[in-house]
Amino acid sequence: MTASRVLVLNSGSSSVKYQLLDMADSSRLAVGLVERIGEETSRLTHEPLTGPGAAGGKRVTEGPIADHAAALRAVSAELAADGLGLDSPELAAVGHRVVHGGTKFTHPTLIDDAVLAEIRALIPLAPLHNPANVTGIEVARELRPDLPQVAVFDTAFHSTMPEHVARYAIDAATADKYSIRRYGFHGTSHAYVARATARLLGKAEEDVNVIVLHLGNGASASAVHGGVCVETSMGLTPLEGLVMGTRSGDLDPAVVFHLARVGGMSIDEIDSLLNKKSGLLGLCGDNDMREVQRRAEEGDASARLALASYIHRLKKYIGAYSAVLGRVDAVAFTAGVGENSSQIREMALAGLAELGLALDLEANSVRSPEPRLVSAEYARVAVAVVPTDEELEIASQTYALVTG
Ligand code: ADP
């Protein structure tokens, strides 16, 4: 029997999301989530999608789960109850989502002690994310020391950005000393969506230029030239670029000096303001796009402003990336907002006929879990809606690496 299963782990600071996939047919065997790790009210939601357990649907267990080690043990027990345990000989590898790979990691990487030390060394670049990723890896290695563990980095797909794109125009020695450059994030999603878009157009990835708009709670755009990322909107951290649920995206860096000097705010307070209390939330008090749209519809002025600001930024990036790519074959929308909101797609592309962009309004209004084209027949540039699947992409990259 060939081991063809991959367990994908996405460890956050207080949560672990997981999926068990069978790469023989890319099917999902089980999915789940541990939330509020370290609190009294932790919760494990496990859903077997195959075998005898599947008929029972989701199983929810509530009660304290002290740390990531306990969380993974609990996940392991749930999987084992469905005959899908970590000790199964059919498990080929564990694929870990790792947020920051710095300049060091540009490809999925088999984890050993040295690699783990390097990921740990990158914590200053991603203090909110990499520590949890490291813990997830440590715990999974303890549970199955013999099993290949692979790190798949959110930054990797963007490592092909040319130097003049990745560099900030600041003193080069200072930038080098502190590893300051644009890294980009959501790379696994951008890679998956760019490839799926080429497939949708019936073309080879090398022959297609795509602008990918990943619009979730976090949001980023990328310009992908023949399958290679040449520009993306997030930078040193996920703060740069589009207006997001709670992040400001682009702003004059002098805003930070002003808040410190005139507002007397500490660096941590400004960090929290820009990452957690800005974007849609800062502009109108809601970060859920559905709520913003509902309020805007009712005529709420601040929700309308937030929506207009969100759309304006999106248009600027579509225009900029059209210029960067020269020829654009497709614009692809993905993630929670991009996949589900026909209104956001319509607003973002309104008035862009000169760039070759026009929607088929009827096709755009259809909701579907399938990748699809929603552009007008006459439009020069295709518009695609492509549900992203980061777990499948992580599993595919992991499996490809361990099976050589
Ligand atoms: P995350 O970045 O947390 O992975 P998601 O990709 O799940 O985010 O996207 C979350 C966002 O998607 C939320 O802001 C939510 O409001 C938005 N969203 C989900 N469904 C819709 C919809 N039908 N219309 C507009 N926005 C939606």
Side-chain angles (χ1 to χ4, degrees), residues 8-19 31-36 45 97 99 126 128-129 132-133 152 154 184-193 196 212-222 232-234 237-249 275-298 300 303-304 306-311 313-314 332-349 359 364-372 374 385-394:
V8 175
L9 290 181
N10 182 351
S11 307
S13 57
S14 65
S15 70
V16 176
K17 289 187 203 144
Y18 62 94
Q19 291 197 4
V31 302
L33 164 70
V34 190
E35 300 165 275
R36 298 194 289 273
T45 308
R97 174 189 182 218
V99 168
L128 298 178
H129 297 103
N133 301 156
V152 177
D154 249 28
F185 298 88
H186 291 146
T188 311
S189 174
H190 285 279
Y192 176 86
V193 171
V212 179
L213 303 170
H214 177 112
L215 310 177
N217 202 12
S220 62
S222 70
T232 194
S233 59
M234 285 177 167
T237 77
L239 185 54
E240 190 178 343
L242 300 173
V243 174
M244 310 182 211
T246 65
R247 297 192 196 113
S248 64
N275 273 298
K276 298 190 181 147
K277 298 176 205 148
S278 297
L280 296 172
L281 181 70
L283 285 165
C284 76
D286 268 307
N287 66 307
D288 188 315
M289 183 54 94
R290 286 164 291 200
E291 196 53 24
V292 178
Q293 286 173 308
R294 190 192 60 73
R295 284 173 49 197
E297 187 87 359
E298 287 174 354
D300 180 296
R304 285 190 165 186
L307 199 54
S309 177
Y310 184 94
I311 295 295
R313 189 78 54 86
L314 210 43
F333 287 86
T334 193
V337 177
E339 290 165 26
N340 294 306
S341 178
S342 57
Q343 188 198 18
I344 294 293
R345 295 192 295 265
E346 195 179 331
M347 290 173 84
L349 300 181
L359 283 171
N364 185 50
S365 68
V366 175
R367 294 193 63 161
S368 158
E370 297 299 320
R372 58 205 184 269
V374 297
V385 180
V386 179
T388 193
D389 197 335
E390 287 161 284
E391 289 77 16
L392 176 60
E393 182 67 22
I394 291 171

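Numbering of ligands and ligand atoms starts at 1, following listing order.
Between E298 and R294 there is a salt bridge, with a side-chain nitrogen of the basic residue lying less than 4.0 Å from a carboxylate oxygen of the acidic one.
Close approach of ligand 1 to N340 (heavy-atom distance below 4.0 Å) involves ligand atoms 19 (C), 20 (N), 21 (C), 22 (C), 23 (N). Of all the atoms in ligand 1, the ones that sit under 4.0 Å from a non-hydrogen atom of S341 are 24 (N), 25 (C). Numbered from 1 in the order shown, with element, the atoms of ligand 1 that lie under 4.0 Å from a heavy atom of G218 read 2 (O).
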Full working for side-chain hydrogen bond (donor to acceptor under 3.5 Å, both in side chains) between S222 and H186: CA-CA 10 Å; S222 70; H186 291 146; over 6 Å; no

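Not a single N or O atom of A335, backbone or side chain, sits closer than 3.5 Å to an N or O atom of ligand 1.
Heavy atoms only, all atoms of each residue included: H214 and T334 are closest at CA-CG2, 3.6 Å.
Protein non-hydrogen atoms do not reach within 4.0 Å of atom 4 (O) of ligand 1.
Regarding atom 8 (O) of ligand 1, its nearest protein heavy-atom neighbour is N217 N, 3.2 Å. Here the heavy atom of the protein found nearest to atom 25 (C) of ligand 1 is Q293 OE1, 3.3 Å.
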Donor-acceptor pairs are to be reported for all side-chain atoms of residues 12-19 against protein atoms at under 3.5 Å, with residues two or more places apart or in another chain.
residue : atom : partner : partner atom : Å
Y18     : OH   : H46     : ND1          : 2.7
Q19     : OE1  : R28     : NH1          : 2.5

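To the nearest 0.5 Å, atoms CG (L314) and CG (L349) are separated by 8.0 Å.
A search for salt bridge (Lys or Arg N to Asp or Glu O under 4.0 Å) contacts involving R304 returns nothing, not counting sequence neighbours.
Assignment of Q343 to the shell around ligand 1 is not supported, since no heavy atom sits closer than 4.0 Å.
Within the 4.0 Å heavy-atom criterion, the part of N287 lying near ligand 1 is the backbone and not the side chain.
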